[in-house]
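In this text, all values refer to a predicted model and were calculated from it rather than measured experimentally. Whatever order the structure lists them in is the order used to number ligands and atoms, beginning at 1.
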Amino acid sequence: MRLKISRGTMTEKLSNGDHQTTSKLPPTPSPLRNSKFLQSNMRILVTGGAGFIGSHLVDRLMENEKNEVIVVDNYFTGSKDNLRRWIGHPRFELIRHDVTEPILVEVDQIYHLACPASPIFYKHNPVKTIKTNVIGTLNMLGLAKRVGARILLTSTSEVYGDPLVHPQPESYWGNVNPIGVRSCYDEGKRVAETLMFDYHRQHGIEIRVARIFNTYGPRMNIDDGRVVSNFIAQALRGEPLTVQLPGTQTRSFCYVSDLVDGLIRLMEGENTGPINLGNPGEFTVLELAKTVKELINTEVEIKMVENTPDDPRQRKPDITKAKEVLGWEPKVKLRDGLPLMEDDFRSRLGVGKQK
Ligand SMILES: NC(=O)c1ccc[n+]([C@@H]2O[C@H](COP(=O)([O-])OP(=O)(O)OC[C@H]3O[C@@H](n4cnc5c(N)ncnc54)[C@H](O)[C@@H]3O)[C@@H](O)[C@H]2O)c1
Ligand SMILES: O=C(O)[C@H]1O[C@H](OP(=O)(O)OP(=O)(O)OC[C@H]2O[C@@H](n3ccc(=O)[nH]c3=O)[C@H](O)[C@@H]2O)[C@H](O)[C@@H](O)[C@@H]1O
């Protein structure tokens with residue numbers, strides 16, 4: 001009868017009741033081999049990891065001591081500053097690289113975030129935005145195929161365009177202008193989603209697709225141009241809050257820690273997606289301006305200004321699927337998240353709180 005197997009030996013009970021130890025199993029691997037091949041360490045690539053969402057994701061991944069994290073970023077809208085606390089850490093690597101060029105790194109998972117996200121940045125060089133979405137995603141899928149990694153794409157609620165269905169479930173195909181000034185981003189992300197599913201069907205790649213709705217929080221670029229960062233920076237500088245006409249357009253704002261939790265659950269779960277990740281609390285842009293004014297600076301005026309073409313008139317995620325499949329729903333309400341972002345903006349702008 002076999003009693004115990006340990007460290008390459010096997011102990012058997014003989015018929016006379018004695019125990020006999022034999023060494024039939026292979027010897028114990030050297031400590032080096034043990035750490036290289038037998039531990040359940042996960043090597044994770046985060047493209048766009050120096051950006052707003054990416055750097056918060058890196059923080060969460062690095063908290064798990066079994067993870068090694070590699071960030072690839074070209075610093076177009078991101079900054080090394082966002083990753084300051086990890087630079088020099090033995091489980092962390094930072095590589096300046098543009099995802100429109102191929103790269104080979106041995107990894108188990110890829111979070112593919114690299115892409116400018118604010119309209120002012122993605123419209124700045126639209127051809128580059130398309131290349132980043134299409135060639136960048138092709139390169140990351142090629143890498144996933146070669147090294148057998150699971151890959152997650154951060155797609156966007158912008159794939160629903162100016163939606164005619166409200167709130168938006170994942171089954172809605174969207175209402176996107178293919179030749180407008182936002183198309184480099186919207187259509188770019190739609191092609192990126194198509195590539196993900198074609199690689200999955202054709203090559204069996206393990207994919208995950210998140211459709212993220214307007215996310216805000218600390219570390220957003222102060223001059224990022226997106227509405228929450230603009231209003232908070234304007235309120236702290238004592239400048240008018242610029243509400244783009246008509247002001248009745250709606251958005252649903254998700255705090256970044258909730259979003260990162262959803263991304264990790266999606267990556268670790270079994271469902272390919274697409275899955276909406278966002279906070280269903282819906283506000284008009286004018287309501288957002290009034291809330292920022294009330295919470296941060298009651299003295300500032302609200303100024304109506306011109307809008308840009310194709311601005312979606314309403315947006316709110318249907319998160320039924322995320323609740324069912326990931327057991328996920330956001331916890332931070334807008335009124336609780338804005339003050340957390342205010343503290344970060346105050347310290348970066350050097351504006352103290354008035355007593
Ligand atoms: N924040 C949101 O509300 C939101 C909503 C929907 C989807 N997303 C998606 O989430 C991802 C991250 O968005 P974010 O808000 O953190 O934006 P961000 O601009 O702060 O981060 C994007 C990062 O990608 C890097 N990058 C851009 N082009 C690159 C390239 N060619 N090669 C390598 N790196 C490149 C930038 O330097 C930056 O660090 C994007 O894919 C975006 O489309 C964000
Ligand atoms: O969540 C998403 O899927 C997408 O949201 C954003 O797109 P958008 O909603 O247009 O983001 P903002 O630029 O923050 O604009 C939101 C609304 O606020 C308005 N706005 C913006 C800035 C401003 O100063 N004032 C203002 O009223 C805009 O007209 C728009 O109606 C970005 O495109 C992406 O970050 C992201 O993929």
Side-chain angles (χ1 to χ4, degrees), residues 46-57 71-80 82-83 95-101 103 111-123 125 128-129 131-133 135-137 139-140 152-162 168 182 185-186 188-189 192 210-217 219-221 224-234 239-254 256 259-260 263 276-278 283-286 288-289 302-315 317:
V46 181
T47 75
F52 158 55
I53 296 176
S55 62
H56 286 277
L57 174 65
V71 165
V72 156
D73 203 296
N74 70 352
Y75 309 123
F76 173 43
T77 54
S79 151
K80 278 186 197 170
N82 290 335
L83 297 167
I95 304 172
R96 178 191 286 267
H97 178 82
D98 193 306
V99 292
T100 57
E101 299 294 332
I103 188 167
Y111 285 89
H112 178 38
L113 280 71
C115 178
S118 168
I120 58 164
F121 291 125
Y122 69 63
K123 290 178 193 169
N125 185 345
K128 180 64 196 254
T129 302
K131 283 187 181 171
T132 299
N133 275 317
I135 302 173
T137 303
N139 283 334
M140 289 309 122
L152 181 151
L153 171 75
T154 52
S155 185
T156 165
S157 64
E158 299 257 328
V159 299
Y160 301 123
D162 187 12
Q168 295 80 53
R182 297 176 85 99
Y185 185 76
D186 304 6
K189 288 283 186 181
R211 288 187 182 152
I212 302 173
F213 285 64
N214 297 63
T215 298
Y216 69 100
R219 294 193 201 146
M220 285 186 92
N221 261 323
D224 183 276
R226 283 181 275 188
V227 69
V228 183
S229 44
N230 266 9
F231 286 176
I232 292 187
Q234 288 163 343
E239 295 167 359
L241 309 187
T242 52
V243 172
Q244 294 174 353
L245 286 162
T248 49
Q249 69 272 34
T250 65
R251 292 294 186 275
S252 305
F253 301 102
C254 185
V256 66
L259 192 266
V260 165
L263 289 178
N276 289 339
L277 294 178
F283 300 85
T284 66
V285 170
L286 191 54
L288 174 70
I302 293 176
K303 186 173 153 195
M304 304 305 290
V305 298
E306 279 306 306
N307 204 336
T308 50
D310 294 338
D311 184 37
R313 284 165 290 182
Q314 52 180 0
R315 201 145 76 198

Value rounded to 0.5 Å, distance of OG1 in T215 from CZ in R226: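 T215 atom OG1 to R226 atom CZ measures 8.5 Å (nearest 0.5 Å).
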Atom pair CZ (F76) and CZ (F121), whose distance is rounded to the nearest 0.5 Å: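 Here the interatomic distance stands at 6.5 Å.
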Electrostatic pair D311:R251 at N-O distance under 4.0 angstrom: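 Judged by the 4.0 Å cut-off on N to carboxylate O distance, D311 and R251 do form a salt bridge.
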Side chains of L113 and I53 in contact at under 4.5 Å (non-hydrogen atoms):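 Yes, at least one pair of side-chain atoms sits under 4.5 Å.
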Side-chain heavy atoms of S229 within contact of N221, under 4.5 Å: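 With C-beta onward as the side chain, the pair stays apart.
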Every residue of the protein that comes under 4.0 Å of ligand 2, judged on heavy atoms: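 Lining ligand 2 at under 4.0 Å, by heavy atoms, one finds A117, P119, Y122, T156, S157, E158, R182, Y185, I212, F213, N214, G225, R226, V227, N230, F231, T242, V243, Q244, Q249, R251, V285, N307, D311, R315.
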R182/E158 under salt bridge (charged side-chain N to carboxylate O under 4.0 Å, His left out): CA gap, chis, key distance, verdict: CA-CA 9 Å; R182 297 176 85 99; E158 299 257 328; 2.8 Å; yes
K131 atom NZ, neighbour heavy-atom count above 12 within 6.0 Å: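 No, NZ of K131 has 12 or fewer neighbouring heavy atoms, counting only those of other groups under 6.0 Å.
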Shell of residues surrounding ligand 1, defined by a 4.0 angstrom heavy-atom cut-off that is strict: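 Contacting ligand 1 under 4.0 Å are G48, A50, G51, F52, I53, D73, N74, Y75, F76, T77, G78, H97, D98, V99, L113, A114, C115, P116, A117, T132, T154, S155, T156, Y185, K189, I212, N214, T215, R226.
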Polar contact flag, side-chain donor to acceptor under 3.5 angstrom, N133-Y122: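 No, no side-chain donor-acceptor contact under 3.5 Å.
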Among Q314, R315, R211, side chain to side chain donor-acceptor pair (under 3.5 Å) partner for Y160: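 Testing each of Q314, R315, R211 against Y160, the sole residue satisfying side chain to side chain donor-acceptor pair (under 3.5 Å) is R211.
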